[in-house]
Student: 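Have a look at the structure that comes next, please.
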Amino acid sequence: MFGEEVDGCEFSVSSFLIVEEDGMPAAAVAGWIEGAAEDGLGSNFLRTNLIGYTFPPTSMAAMRTNGAAVKELLLPRSSLMLQLEYVYTSPSHRGKGYARKLIGKHIYEARTQGIERAQVQVFADNKPAILLYESMGFSTSQTAHTEHPNALQLVPAASKLLMERSI
């Protein structure tokens with residue numbers, strides 16, 4: 001999917017900022033402005049088409065079979081807001097502030113483009129991430145929850161938060 005380089009979603013190399021330490025990736029954060037792609041298409045549409053194009057038919061069949069288990073966890077993305085995803089720091093590099101710096105860089109870049117708000121989605125059990133986002137001024141604006149019996153076989157938690165902040 002990265003090879004297709006479709007801007008405007010989390011599956012684009014251009015969406016990622018990466019910190020390297022000793023020539024190796026230490027942390028990464030994807031960020032894009034929802035609906036600001038040249039064609040105005042939202043990330044959900046772009047992501048769905050990329051997955052359909054790159055995944056084999058057996059994987060697509062499995063996704064259709066399991067879709068109901070996670071459907072209730074889908075939270076809508078707001079147009080013309082900075083979207084942050086895939087915030088990750090390798091275990092050996094945690095505690096160095098890399099995620100905070102990368103999120104800050106995405107926020108700075110979005111602000112220079114006239115964007116006024118940022119959103120991040122996080123599973124409710126990811127307490128370290130929630131604490132980081134709250135310390136950066138994000139607060140929960142929406143919660144999604146599923147009671148589907150197979151959900152926890154597919155995702156890490158049965159609840160997901162949408163957190164926002166002004167930038």
Side-chain angles (χ1 to χ4, degrees), residues 1-2 5-22 24-48 50 70-147 151-152 154-167:
M1 281 187 272
F2 285 125
E5 192 54 38
V6 176
D7 288 330
C9 74
E10 63 270 43
F11 295 145
S12 171
V13 173
S14 64
S15 295
F16 280 86
L17 295 177
I18 300 171
V19 170
E20 289 186 3
E21 192 171 290
D22 299 324
M24 297 296 294
V29 176
W32 71 96
I33 309 305
E34 180 66 19
E38 230 175 82
D39 50 21
L41 296 173
S43 62
N44 190 42
F45 178 82
L46 296 170
R47 178 178 51 252
T48 301
L50 280 168
V70 295
K71 185 177 181 181
E72 294 170 328
L73 293 176
L74 295 177
L75 292 164
R77 298 188 185 279
S78 298
S79 189
L80 300 180
M81 281 195 197
L82 170 64
Q83 301 296 318
L84 299 165
E85 283 283 335
Y86 301 116
V87 178
Y88 178 78
T89 304
S90 68
S92 62
H93 295 94
R94 292 184 181 158
K96 297 181 179 182
Y98 290 153
R100 179 181 302 276
K101 289 175 185 170
L102 291 172
I103 291 168
K105 175 74 172 163
H106 274 299
I107 288 172
Y108 171 80
E109 293 294 329
R111 195 179 311 127
T112 65
Q113 296 175 49
I115 302 303
E116 298 177 353
R117 294 197 60 77
Q119 294 180 320
V120 63
Q121 296 186 22
V122 60
F123 284 102
D125 70 335
N126 192 343
K127 299 301 180 199
I130 293 168
L131 290 172
L132 169 65
Y133 304 141
E134 288 175 341
S135 76
M136 296 185 75
F138 286 86
S139 61
T140 301
S141 62
Q142 192 173 348
T143 303
H145 184 77
T146 184
E147 296 289 336
L152 294 178
L154 301 166
V155 293
S159 295
K160 195 172 173 188
L161 309 177
L162 175 65
M163 301 181 77
E164 295 185 26
R165 70 162 269 193
S166 294
I167 60 171

Student: Compare every heavy atom of His93 with every heavy atom of Ala26, then report the nearest pair and how far apart it is.
Tutor: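 Heavy-atom minimum between the residues: CB-CG, 3.5 Å.
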Student: Which heavy atom of His106 sits nearest to which heavy atom of Ala30, and what is that distance?
Tutor: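 Reported closest heavy-atom pair: NE2-C, 3.7 Å.
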Student: Output all residues satisfying salt bridge (Lys or Arg N to Asp or Glu O under 4.0 Å) with Lys105, sequence neighbours left out; order by chain, then residue number.
Tutor: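 For Lys105 the salt bridge (Lys or Arg N to Asp or Glu O under 4.0 Å) partners, ignoring immediate neighbours, are Glu109.
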Student: Can you sort out the partners of Glu21 under salt bridge (Lys or Arg N to Asp or Glu O under 4.0 Å), two or more places apart, ordered by chain and number?
Tutor: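 Expected list: Lys96.
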Student: Below 4.5 Å, heavy atoms only, C-beta onward: do Leu132 and Ile103 meet side chain to side chain?
Tutor: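 The answer is yes, as the side chains (C-beta and beyond) meet within the 4.5 Å cut-off.
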Student: Name all residues meeting the side-chain contact (heavy atoms from CB on, under 4.5 Å) criterion together with Ser79; count only those two or more places apart in sequence or in a different chain, and write none if there are none.
Tutor: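 So Ser79 forms no side-chain contact (heavy atoms from CB on, under 4.5 Å) with any residue.
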Student: Quick one, Met81 and Glu164 - any side-chain contact, counting heavy atoms below 4.5 Å?
Tutor: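 With C-beta onward as the side chain, the pair touches.
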Student: How would you list, by chain and number, every residue that makes a side chain to side chain donor-acceptor pair (under 3.5 Å) with Ser139, sequence neighbours excluded?
Tutor: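 Partners of Ser139 by the side chain to side chain donor-acceptor pair (under 3.5 Å) criterion come out as none, since no residue qualifies.
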Student: Could you tell me the separation between the CG atom of Leu75 and the OG atom of Ser141, rounded to the nearest 0.5 Å?
Tutor: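 These two atoms lie 8.0 Å from each other.
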Student: List in chain and number order the residues that pass side chain to side chain donor-acceptor pair (under 3.5 Å) with Thr143, two or more places apart in sequence or in another chain; answer none if no residue qualifies.
Tutor: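 For Thr143, no residue satisfies side chain to side chain donor-acceptor pair (under 3.5 Å) once neighbours in sequence are set aside.
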Student: Could you tell me which non-hydrogen atom of Ile18 sits nearest to which non-hydrogen atom of Pro25, and how far apart they are?
Tutor: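 Ile18 and Pro25 have their closest heavy atoms at CG2-CB, 4.2 Å.
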Student: Considering only heavy atoms from C-beta outward, does the side chain of Leu162 approach that of Thr140 to under 4.5 Å?
Tutor: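 The answer is no; the side chains never approach within 4.5 Å.
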Student: Mind checking side chain to side chain donor-acceptor pair (under 3.5 Å) for Glu116 and listing every partner two or more places apart, or none if nothing turns up?
Tutor: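 Glu116 satisfies side chain to side chain donor-acceptor pair (under 3.5 Å) with no other residue.
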Student: Scan for side-chain hydrogen bond (donor to acceptor under 3.5 Å, both in side chains) pairs involving residues 123-133, sequence neighbours excluded, and state none if there are none.
Tutor: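 Not a single pair qualifies under side-chain hydrogen bond (donor to acceptor under 3.5 Å, both in side chains).
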Student: Roughly how far, to the nearest 0.5 Å, is the OG atom of Ser14 from the CH2 atom of Trp32?
Tutor: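 Answer rounded to 0.5 Å: 11.0 Å.
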Student: Please give me the minimum heavy-atom distance between Met136 and Gly104, naming the atom from each residue.
Tutor: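 That closest heavy-atom pairing would be CE-N, 4.1 Å.
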Student: Taking salt bridge (Lys or Arg N to Asp or Glu O under 4.0 Å) as the definition, give me every residue that meets it alongside Arg94, ordered by chain and number, with sequence neighbours left out.
Tutor: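 Listed in chain order: nothing, the list is empty.
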Student: Out of curiosity, Ile107 CD1 to Arg100 CZ, how far, rounded to the nearest 0.5 Å?
Tutor: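 It comes to 10.0 Å.
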Student: Show me the pairs that pass salt bridge (charged side-chain N to carboxylate O under 4.0 Å, His left out) and involve residues 130-144, at least two apart or across chains.
Tutor: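 Counting only pairs at least two positions apart or across chains, no salt bridge (charged side-chain N to carboxylate O under 4.0 Å, His left out) contact touches residues 130-144.
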Student: Locate the shortest heavy-atom distance separating Ala118 from Phe138; write the atom from each residue and the value.
Tutor: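 Closest approach of Ala118 to Phe138: O-CE2, 3.7 Å.
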Student: Looking at OG of Ser159 and CD of Glu147, how far apart are the two atoms once the value is rounded to the nearest 0.5 Å?
Tutor: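 Rounded to the nearest 0.5 Å, the OG-CD separation comes to 8.0 Å.
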Student: What residue among Arg77, Gln121, Glu34 forms side-chain hydrogen bond (donor to acceptor under 3.5 Å, both in side chains) with Gln83?
Tutor: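 For Gln83, the side-chain hydrogen bond (donor to acceptor under 3.5 Å, both in side chains) check succeeds only for Arg77.
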Student: Just jot down the side-chain contact (heavy atoms from CB on, under 4.5 Å) partners of Ala27, sequence neighbours excluded, or say none.
Tutor: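 In terms of side-chain contact (heavy atoms from CB on, under 4.5 Å), with neighbours along the sequence ignored, Ala27 is linked to Val19, Thr89, Tyr98, Leu102.
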Student: Is a side-chain donor or acceptor of His145 paired with a backbone partner of Lys160 at a separation under 3.5 angstrom?
Tutor: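 No.
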Student: Under the side-chain contact (heavy atoms from CB on, under 4.5 Å) test, which residues partner Ala110, sequence neighbours left out?
Tutor: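 With neighbours one apart ignored, the set is Ile33, Leu82, Ile115, Ile167.
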Student: Who pairs with Arg165 by side chain to side chain donor-acceptor pair (under 3.5 Å), at least two apart in sequence or on another chain?
Tutor: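 Residues passing side chain to side chain donor-acceptor pair (under 3.5 Å) with Arg165: none at all.
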Student: So, for Ala28 and Phe16, which heavy atoms are closest and what is the spacing to 0.1 Å?
Tutor: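 Ala28 and Phe16 have their closest heavy atoms at CB-CD2, 4.1 Å.
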